[in-house]
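Below is one structure; the comments refer to it alone.
Chain naming here is simple, since letters A, B, ... match the order of the sequence lines and numbering starts at 1 in each.
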Amino acid sequence: MNLEIRNLTLFNDQEDLIKDFSYSFAPGFVYFVFGQIGLGKSLLLESIADLYSRYQGKIIKDPKARISFLFQKNMLIPWLTVQENLALIDQIQNTEWVQTLQDELKISNLLNKKAVDLSGGELQKINFYRALAIEPNYILADEPFNSLDFKQKTELENLIIRYVKQRNATLIWVSHDLIEINKFSDFVLCFSKSEKRFLKTLAKDEVNYQTLSDYIVNEK
Amino acid sequence: MNLLLNLYTEHQILEHVLSTFQIFLSGLICSYILSLILIVLGLRWSNVRKLIYFMVGLLQPIPRIVLFPLLLILMGINDIARTSLVLVGLLFSNYLILDSQFNHLKWNPLKKILKVYKVQRLKILYYYYLRGALPALGSSYKNSVGYGLTLAIVAESSFSNKGLGFLIWKFWERYDMPELYLTIGLVSVLALLLNLIPRGIKWMMVRSI
(Lines give C-alpha, C1' and ligand atoms only; values in the text may rest on other atoms or scores of the structure.)
Protein backbone atom coordinates (compact mmCIF):
# COMPACT_ATOMS: atom_id res chain seq x y z
CA MET A 1 0.00 0.00 0.00
CA ASN A 2 1.19 3.50 -0.81
CA LEU A 3 2.04 5.86 2.00
CA GLU A 4 -0.11 8.91 1.40
CA ILE A 5 0.49 12.38 2.75
CA ARG A 6 -2.27 14.88 2.20
CA ASN A 7 -2.02 18.64 2.77
CA LEU A 8 0.48 18.29 5.57
CA THR A 9 1.57 21.45 7.40
CA LEU A 10 4.13 21.06 10.16
CA PHE A 11 4.61 23.46 13.07
CA ASN A 12 7.13 23.89 15.80
CA ASP A 13 7.06 26.29 18.78
CA GLN A 14 8.08 29.36 16.79
CA GLU A 15 6.78 28.98 13.25
CA ASP A 16 5.20 26.95 10.48
CA LEU A 17 7.65 24.64 8.76
CA ILE A 18 6.69 22.68 5.65
CA LYS A 19 3.31 23.90 4.35
CA ASP A 20 0.61 22.04 2.48
CA PHE A 21 2.68 19.04 1.40
CA SER A 22 0.98 16.19 -0.43
CA TYR A 23 2.69 13.12 -1.80
CA SER A 24 2.22 9.43 -2.41
CA PHE A 25 5.15 7.11 -1.63
CA ALA A 26 5.01 3.83 -3.56
CA PRO A 27 6.54 0.57 -2.32
CA GLY A 28 9.84 -0.62 -3.72
CA PHE A 29 11.34 2.84 -4.20
CA VAL A 30 13.95 4.98 -2.49
CA TYR A 31 12.86 8.55 -1.82
CA PHE A 32 15.36 11.15 -0.68
CA VAL A 33 14.10 14.23 1.16
CA PHE A 34 16.38 17.08 0.25
CA GLY A 35 16.55 20.67 1.46
CA GLN A 36 18.24 23.08 3.82
CA ILE A 37 18.70 22.47 7.53
CA GLY A 38 15.78 23.63 9.72
CA LEU A 39 12.92 23.24 7.30
CA GLY A 40 11.40 20.27 9.13
CA LYS A 41 12.67 17.21 7.24
CA SER A 42 13.33 15.22 10.44
CA LEU A 43 9.94 16.25 11.82
CA LEU A 44 8.33 15.03 8.60
CA LEU A 45 9.79 11.57 9.23
CA GLU A 46 8.78 11.70 12.90
CA SER A 47 5.22 12.64 11.90
CA ILE A 48 5.03 9.59 9.63
CA ALA A 49 6.25 7.42 12.54
CA ASP A 50 3.68 8.95 14.94
CA LEU A 51 6.44 10.51 17.04
CA TYR A 52 5.42 14.09 16.28
CA SER A 53 1.86 15.31 16.33
CA ARG A 54 2.03 19.06 15.74
CA TYR A 55 0.75 19.01 12.21
CA GLN A 56 -2.37 19.52 10.16
CA GLY A 57 -3.34 17.27 7.29
CA LYS A 58 -3.44 13.53 6.90
CA ILE A 59 -0.89 10.74 6.85
CA ILE A 60 -2.45 7.55 5.56
CA LYS A 61 -0.55 4.30 5.89
CA ASP A 62 -1.33 0.62 6.07
CA PRO A 63 -2.33 0.06 9.72
CA LYS A 64 -0.59 -3.33 9.71
CA ALA A 65 2.61 -1.93 8.23
CA ARG A 66 5.82 -2.19 10.21
CA ILE A 67 7.81 1.00 10.47
CA SER A 68 11.45 1.27 11.36
CA PHE A 69 13.42 4.42 11.99
CA LEU A 70 17.13 4.99 11.56
CA PHE A 71 18.08 8.04 13.59
CA GLN A 72 21.17 10.23 13.29
CA LYS A 73 22.12 9.54 16.88
CA ASN A 74 22.75 6.33 18.71
CA MET A 75 19.40 5.02 19.90
CA LEU A 76 20.27 2.06 22.11
CA ILE A 77 19.49 2.12 25.81
CA PRO A 78 23.01 2.42 27.26
CA TRP A 79 22.44 0.49 30.50
CA LEU A 80 21.16 -2.61 28.71
CA THR A 81 23.18 -5.12 26.69
CA VAL A 82 22.65 -5.28 22.95
CA GLN A 83 20.72 -8.52 23.42
CA GLU A 84 18.45 -6.88 25.99
CA ASN A 85 17.90 -3.88 23.70
CA LEU A 86 16.81 -6.22 20.94
CA ALA A 87 14.70 -8.43 23.20
CA LEU A 88 12.51 -5.42 24.05
CA ILE A 89 11.09 -5.55 20.55
CA ASP A 90 8.51 -8.29 20.06
CA GLN A 91 8.57 -7.79 16.29
CA ILE A 92 12.06 -9.30 16.12
CA GLN A 93 11.54 -13.04 15.79
CA ASN A 94 14.20 -15.71 15.49
CA THR A 95 13.74 -16.17 11.74
CA GLU A 96 16.10 -17.17 8.99
CA TRP A 97 16.18 -13.56 7.83
CA VAL A 98 17.28 -12.36 11.27
CA GLN A 99 20.06 -14.96 11.32
CA THR A 100 21.20 -14.02 7.81
CA LEU A 101 21.23 -10.36 8.76
CA GLN A 102 23.22 -11.10 11.89
CA ASP A 103 25.81 -13.03 9.89
CA GLU A 104 26.00 -10.43 7.18
CA LEU A 105 26.54 -7.59 9.66
CA LYS A 106 28.91 -9.72 11.79
CA ILE A 107 27.35 -8.60 15.06
CA SER A 108 27.14 -11.92 16.95
CA ASN A 109 30.15 -10.97 19.09
CA LEU A 110 28.47 -7.71 20.14
CA LEU A 111 25.24 -9.18 21.50
CA ASN A 112 26.41 -9.65 25.08
CA LYS A 113 28.15 -6.29 25.34
CA LYS A 114 26.55 -3.34 27.05
CA ALA A 115 25.45 -0.66 24.60
CA VAL A 116 27.53 1.91 26.48
CA ASP A 117 30.70 -0.09 25.69
CA LEU A 118 30.21 -0.08 21.90
CA SER A 119 31.98 2.23 19.46
CA GLY A 120 30.02 4.68 17.28
CA GLY A 121 30.27 2.38 14.27
CA GLU A 122 29.16 -0.68 16.24
CA LEU A 123 26.18 1.21 17.63
CA GLN A 124 25.12 2.24 14.15
CA LYS A 125 25.41 -1.35 12.98
CA ILE A 126 23.11 -2.52 15.79
CA ASN A 127 20.63 0.30 15.07
CA PHE A 128 20.69 -0.78 11.45
CA TYR A 129 20.25 -4.45 12.35
CA ARG A 130 17.29 -3.62 14.60
CA ALA A 131 15.69 -1.54 11.85
CA LEU A 132 15.85 -4.33 9.27
CA ALA A 133 15.28 -7.27 11.63
CA ILE A 134 11.63 -6.34 12.12
CA GLU A 135 11.16 -6.74 8.34
CA PRO A 136 9.70 -3.25 7.90
CA ASN A 137 7.36 -2.05 5.19
CA TYR A 138 8.40 1.57 5.64
CA ILE A 139 11.93 2.58 6.55
CA LEU A 140 12.51 6.13 7.69
CA ALA A 141 16.15 7.16 7.69
CA ASP A 142 17.41 10.45 9.08
CA GLU A 143 21.06 10.81 7.99
CA PRO A 144 21.78 7.42 9.55
CA PHE A 145 25.30 6.73 8.33
CA ASN A 146 27.10 9.90 9.39
CA SER A 147 29.33 8.25 11.98
CA LEU A 148 30.55 5.43 9.75
CA ASP A 149 33.69 5.07 7.69
CA PHE A 150 33.41 4.73 3.93
CA LYS A 151 33.62 0.92 3.87
CA GLN A 152 31.01 0.36 6.59
CA LYS A 153 28.77 3.02 5.09
CA THR A 154 28.88 1.42 1.63
CA GLU A 155 28.10 -2.03 3.07
CA LEU A 156 25.06 -0.80 4.97
CA GLU A 157 23.84 1.36 2.10
CA ASN A 158 23.98 -1.56 -0.30
CA LEU A 159 22.21 -3.81 2.19
CA ILE A 160 19.33 -1.41 2.79
CA ILE A 161 18.83 -0.77 -0.93
CA ARG A 162 18.83 -4.51 -1.59
CA TYR A 163 16.22 -4.98 1.16
CA VAL A 164 13.96 -2.26 -0.28
CA LYS A 165 14.09 -3.72 -3.77
CA GLN A 166 13.71 -7.38 -2.76
CA ARG A 167 11.03 -6.87 -0.12
CA ASN A 168 9.14 -4.11 -1.87
CA ALA A 169 9.56 -1.73 1.08
CA THR A 170 9.45 2.07 1.01
CA LEU A 171 12.54 3.96 2.06
CA ILE A 172 12.27 7.65 2.89
CA TRP A 173 15.74 8.98 3.49
CA VAL A 174 16.78 12.43 4.68
CA SER A 175 20.28 13.26 3.50
CA HIS A 176 22.59 16.11 2.54
CA ASP A 177 25.11 13.77 0.96
CA LEU A 178 25.08 14.35 -2.80
CA ILE A 179 27.04 11.14 -3.50
CA GLU A 180 24.48 9.09 -1.56
CA ILE A 181 21.54 10.79 -3.26
CA ASN A 182 23.06 10.49 -6.69
CA LYS A 183 23.84 6.83 -6.22
CA PHE A 184 20.72 5.43 -4.59
CA SER A 185 17.72 7.67 -5.24
CA ASP A 186 14.70 6.70 -7.27
CA PHE A 187 13.14 10.04 -6.50
CA VAL A 188 14.39 13.20 -4.81
CA LEU A 189 11.85 15.43 -3.09
CA CYS A 190 13.17 18.99 -3.10
CA PHE A 191 11.91 21.42 -0.47
CA SER A 192 12.41 25.17 -0.24
CA LYS A 193 13.19 26.60 3.17
CA SER A 194 12.49 30.20 2.18
CA GLU A 195 9.10 29.34 0.67
CA LYS A 196 8.42 26.67 3.30
CA ARG A 197 7.04 24.28 0.73
CA PHE A 198 7.64 21.26 -1.41
CA LEU A 199 9.07 22.38 -4.73
CA LYS A 200 9.40 19.41 -7.06
CA THR A 201 10.31 15.76 -7.47
CA LEU A 202 13.39 14.77 -9.41
CA ALA A 203 13.19 11.33 -10.99
CA LYS A 204 16.23 9.04 -11.13
CA ASP A 205 17.30 10.16 -14.60
CA GLU A 206 17.11 13.84 -13.58
CA VAL A 207 19.32 13.44 -10.52
CA ASN A 208 22.91 14.48 -10.97
CA TYR A 209 25.45 16.58 -9.09
CA GLN A 210 24.77 19.62 -11.26
CA THR A 211 21.00 19.66 -10.69
CA LEU A 212 21.37 19.13 -6.96
CA SER A 213 24.16 21.65 -6.44
CA ASP A 214 22.32 24.22 -8.61
CA TYR A 215 19.29 23.70 -6.43
CA ILE A 216 21.34 24.31 -3.25
CA VAL A 217 23.10 27.39 -4.65
CA ASN A 218 19.90 28.99 -5.98
CA GLU A 219 17.92 28.37 -2.78
CA LYS A 220 17.80 31.56 -0.68
CA MET B 1 33.98 -10.46 73.59
CA ASN B 2 32.47 -10.71 77.07
CA LEU B 3 31.09 -7.26 76.61
CA LEU B 4 29.40 -8.27 73.38
CA LEU B 5 27.97 -11.38 75.02
CA ASN B 6 26.74 -9.22 77.86
CA LEU B 7 25.03 -6.89 75.42
CA TYR B 8 23.40 -9.87 73.75
CA THR B 9 22.19 -11.65 76.90
CA GLU B 10 21.56 -8.88 79.38
CA HIS B 11 20.51 -6.02 77.14
CA GLN B 12 18.89 -8.02 74.30
CA ILE B 13 20.85 -6.00 71.76
CA LEU B 14 19.41 -7.95 68.83
CA GLU B 15 15.87 -6.84 69.65
CA HIS B 16 17.02 -3.23 69.83
CA VAL B 17 18.87 -3.50 66.51
CA LEU B 18 15.77 -5.02 64.88
CA SER B 19 13.57 -2.28 66.33
CA THR B 20 15.82 0.48 64.90
CA PHE B 21 16.07 -1.34 61.60
CA GLN B 22 12.30 -1.69 61.42
CA ILE B 23 11.69 2.02 62.04
CA PHE B 24 14.36 3.02 59.51
CA LEU B 25 13.15 0.60 56.84
CA SER B 26 9.45 1.43 57.28
CA GLY B 27 10.21 5.16 57.05
CA LEU B 28 12.41 4.62 54.01
CA ILE B 29 9.88 2.46 52.14
CA CYS B 30 7.07 4.90 52.92
CA SER B 31 9.23 7.79 51.68
CA TYR B 32 9.87 5.93 48.39
CA ILE B 33 6.20 5.06 47.92
CA LEU B 34 5.14 8.64 48.57
CA SER B 35 7.95 9.98 46.35
CA LEU B 36 6.88 7.71 43.49
CA ILE B 37 3.25 8.80 43.84
CA LEU B 38 4.32 12.45 43.72
CA ILE B 39 6.63 11.76 40.76
CA VAL B 40 3.88 10.03 38.77
CA LEU B 41 1.46 12.90 39.51
CA GLY B 42 4.15 15.45 38.58
CA LEU B 43 5.04 13.70 35.33
CA ARG B 44 1.36 13.47 34.39
CA TRP B 45 0.49 17.08 35.24
CA SER B 46 3.23 19.68 35.01
CA ASN B 47 1.33 22.13 37.25
CA VAL B 48 1.26 19.54 40.03
CA ARG B 49 5.04 19.18 39.66
CA LYS B 50 5.47 22.96 39.95
CA LEU B 51 3.30 22.97 43.07
CA ILE B 52 5.29 20.12 44.63
CA TYR B 53 8.57 21.93 43.93
CA PHE B 54 7.13 25.10 45.48
CA MET B 55 6.12 23.17 48.61
CA VAL B 56 9.50 21.43 48.79
CA GLY B 57 11.25 24.82 48.53
CA LEU B 58 9.05 26.15 51.31
CA LEU B 59 9.32 23.21 53.72
CA GLN B 60 12.79 21.85 52.97
CA PRO B 61 14.66 24.33 55.23
CA ILE B 62 12.76 23.22 58.35
CA PRO B 63 15.01 20.91 60.41
CA ARG B 64 13.12 17.62 60.63
CA ILE B 65 14.14 16.93 64.23
CA VAL B 66 12.09 19.88 65.47
CA LEU B 67 8.99 18.26 63.99
CA PHE B 68 9.31 15.25 66.29
CA PRO B 69 7.36 16.70 69.26
CA LEU B 70 4.64 17.72 66.81
CA LEU B 71 4.51 14.18 65.42
CA LEU B 72 4.32 12.75 68.95
CA ILE B 73 1.39 15.02 69.73
CA LEU B 74 -0.37 14.17 66.48
CA MET B 75 0.23 10.43 66.46
CA GLY B 76 0.92 9.53 70.04
CA ILE B 77 4.04 8.12 71.67
CA ASN B 78 4.52 5.11 69.43
CA ASP B 79 6.48 3.68 66.52
CA ILE B 80 4.18 5.34 63.98
CA ALA B 81 5.40 8.77 65.14
CA ARG B 82 9.03 7.57 64.99
CA THR B 83 8.57 6.07 61.53
CA SER B 84 6.89 9.28 60.40
CA LEU B 85 9.93 11.28 61.51
CA VAL B 86 12.14 9.11 59.28
CA LEU B 87 9.60 9.41 56.45
CA VAL B 88 9.40 13.20 56.71
CA GLY B 89 13.18 13.42 56.91
CA LEU B 90 13.82 11.37 53.80
CA LEU B 91 10.85 12.30 51.62
CA PHE B 92 12.07 15.51 49.99
CA SER B 93 15.62 14.42 49.23
CA ASN B 94 14.44 11.08 47.80
CA TYR B 95 11.74 12.83 45.80
CA LEU B 96 14.14 15.39 44.33
CA ILE B 97 16.79 12.83 43.34
CA LEU B 98 14.33 10.37 41.79
CA ASP B 99 12.15 13.01 40.16
CA SER B 100 15.05 14.60 38.29
CA GLN B 101 16.09 11.18 36.96
CA PHE B 102 12.56 10.14 35.92
CA ASN B 103 12.01 13.52 34.30
CA HIS B 104 15.28 13.14 32.40
CA LEU B 105 14.17 9.69 31.24
CA LYS B 106 10.74 10.97 30.24
CA TRP B 107 12.16 13.58 27.87
CA ASN B 108 15.07 11.50 26.61
CA PRO B 109 15.03 11.03 22.80
CA LEU B 110 15.59 7.31 23.45
CA LYS B 111 11.88 7.05 24.21
CA LYS B 112 11.17 7.59 20.53
CA ILE B 113 12.69 4.25 19.67
CA LEU B 114 10.47 2.50 22.22
CA LYS B 115 7.45 4.05 20.54
CA VAL B 116 8.54 3.30 16.97
CA TYR B 117 9.07 -0.38 17.77
CA LYS B 118 5.92 -0.59 19.92
CA VAL B 119 7.67 -1.87 23.03
CA GLN B 120 5.18 -3.08 25.67
CA ARG B 121 4.42 -0.70 28.55
CA LEU B 122 5.55 -3.17 31.20
CA LYS B 123 8.90 -3.63 29.50
CA ILE B 124 9.30 0.15 29.21
CA LEU B 125 8.50 0.52 32.89
CA TYR B 126 11.01 -2.10 34.00
CA TYR B 127 13.85 -1.94 31.48
CA TYR B 128 13.72 1.78 30.70
CA TYR B 129 12.37 3.62 33.74
CA LEU B 130 13.25 1.33 36.63
CA ARG B 131 16.63 0.17 35.37
CA GLY B 132 17.39 3.70 34.12
CA ALA B 133 16.58 5.08 37.57
CA LEU B 134 18.81 2.55 39.38
CA PRO B 135 21.79 4.93 39.80
CA ALA B 136 19.50 7.61 41.24
CA LEU B 137 17.80 5.02 43.43
CA GLY B 138 21.20 3.87 44.67
CA SER B 139 22.43 7.36 45.52
CA SER B 140 19.16 8.33 47.20
CA TYR B 141 19.33 5.12 49.24
CA LYS B 142 22.92 5.78 50.29
CA ASN B 143 21.94 9.29 51.39
CA SER B 144 19.01 7.84 53.26
CA VAL B 145 21.04 5.31 55.25
CA GLY B 146 23.04 7.95 57.10
CA TYR B 147 20.28 10.47 57.65
CA GLY B 148 17.46 7.95 58.15
CA LEU B 149 19.38 5.99 60.77
CA THR B 150 20.22 9.22 62.61
CA LEU B 151 16.56 10.16 62.69
CA ALA B 152 15.48 6.69 63.82
CA ILE B 153 18.02 6.75 66.66
CA VAL B 154 17.05 10.27 67.71
CA ALA B 155 13.39 9.26 67.66
CA GLU B 156 14.17 6.31 69.94
CA SER B 157 16.21 8.29 72.44
CA SER B 158 13.15 9.95 73.98
CA PHE B 159 9.87 8.42 75.16
CA SER B 160 10.99 4.95 74.12
CA ASN B 161 12.00 1.70 75.75
CA LYS B 162 13.56 -0.02 72.76
CA GLY B 163 15.92 0.59 69.87
CA LEU B 164 19.56 1.55 69.59
CA GLY B 165 18.76 5.19 70.39
CA PHE B 166 17.16 4.15 73.67
CA LEU B 167 20.13 1.91 74.48
CA ILE B 168 22.75 4.60 73.71
CA TRP B 169 20.90 7.10 75.87
CA LYS B 170 20.54 4.55 78.68
CA PHE B 171 24.29 3.73 78.64
CA TRP B 172 25.13 7.44 78.59
CA GLU B 173 22.93 8.16 81.61
CA ARG B 174 24.55 5.27 83.52
CA TYR B 175 28.07 6.12 82.33
CA ASP B 176 28.47 2.60 80.91
CA MET B 177 31.12 3.81 78.51
CA PRO B 178 32.36 0.48 77.04
CA GLU B 179 28.76 -0.56 76.29
CA LEU B 180 28.11 2.90 74.84
CA TYR B 181 31.10 2.69 72.48
CA LEU B 182 30.20 -0.85 71.45
CA THR B 183 26.62 0.12 70.66
CA ILE B 184 27.84 3.08 68.60
CA GLY B 185 30.13 0.63 66.81
CA LEU B 186 27.12 -1.61 66.13
CA VAL B 187 25.27 1.32 64.59
CA SER B 188 28.23 1.81 62.24
CA VAL B 189 28.18 -1.87 61.30
CA LEU B 190 24.45 -1.72 60.69
CA ALA B 191 24.91 1.33 58.44
CA LEU B 192 27.69 -0.46 56.58
CA LEU B 193 25.52 -3.52 55.99
CA LEU B 194 22.62 -1.35 54.84
CA ASN B 195 24.97 0.34 52.39
CA LEU B 196 25.72 -3.04 50.82
CA ILE B 197 22.08 -3.75 50.00
CA PRO B 198 22.03 -1.71 46.73
CA ARG B 199 24.82 -3.87 45.34
CA GLY B 200 22.69 -6.96 45.91
CA ILE B 201 19.66 -5.33 44.31
CA LYS B 202 21.74 -4.17 41.34
CA TRP B 203 23.14 -7.66 40.88
CA MET B 204 19.63 -9.12 40.93
CA MET B 205 18.21 -6.60 38.46
CA VAL B 206 21.11 -6.30 36.01
CA ARG B 207 20.85 -9.81 34.67
CA SER B 208 19.95 -10.77 31.14
CA ILE B 209 16.31 -11.11 30.17
Take atom [atom1] of [X] as the centre, draw a 6.0 Å sphere, and report whether it contains more than 12 heavy atoms from other residues, nucleotides or ligands.
X: Arg162(A); atom1: CZ; answer: yes
X: Lys73(A); atom1: NZ; answer: no
X: Lys183(A); atom1: NZ; answer: yes
X: Asp103(A); atom1: CG; answer: yes
X: Trp172(B); atom1: CH2; answer: no
X: Tyr181(B); atom1: OH; answer: no
X: Ile179(A); atom1: CD1; answer: no
X: Leu111(A); atom1: CG; answer: yes

Exercise. Where the side chain of Lys118(B) meets the backbone of Gln91(A), is there a donor-acceptor pair that is under 3.5 Å apart?
Worked result: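 No: the side chain of Lys118(B) does not pair with the backbone of Gln91(A).
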Exercise. Which residues in residues 100-117 of chain B have a heavy atom less than 4.5 Å from any heavy atom of chain A?
Worked result: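 Leu105(B), Pro109(B), Leu110(B), Lys112(B), Ile113(B), Leu114(B), Lys115(B), Val116(B), Tyr117(B) fall under the 4.5 Å cut-off.
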For this session: Measure the CG-OH distance between Asn85(A) and Tyr127(B) for me, rounded to the nearest 0.5 Å.
Result: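 So the gap between those two atoms works out to 11.5 Å.
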Chain B contact via [X] - which portion, at a heavy-atom distance below 4.5 Å:
X: Ile134(A); answer: side chain
X: Arg130(A); answer: both
X: Ile92(A); answer: neither

Exercise. Would Lys123(B) and Asp90(A) count as a side chain to side chain contact (heavy atoms under 4.5 Å, CB included) if you check the C-alpha gap in whole Å, the side-chain angles of each, and the deciding distance to 0.1 Å?
Worked result: CA-CA 11 Å; Lys123(B) 283 186 176 178; Asp90(A) 296 333; 2.9 Å; yes
Exercise. Is any side-chain heavy atom of Leu134(B) closer than 4.5 Å to a side-chain heavy atom of Trp79(A)?
Worked result: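 No - every pair of side-chain heavy atoms lies 4.5 Å or more apart.
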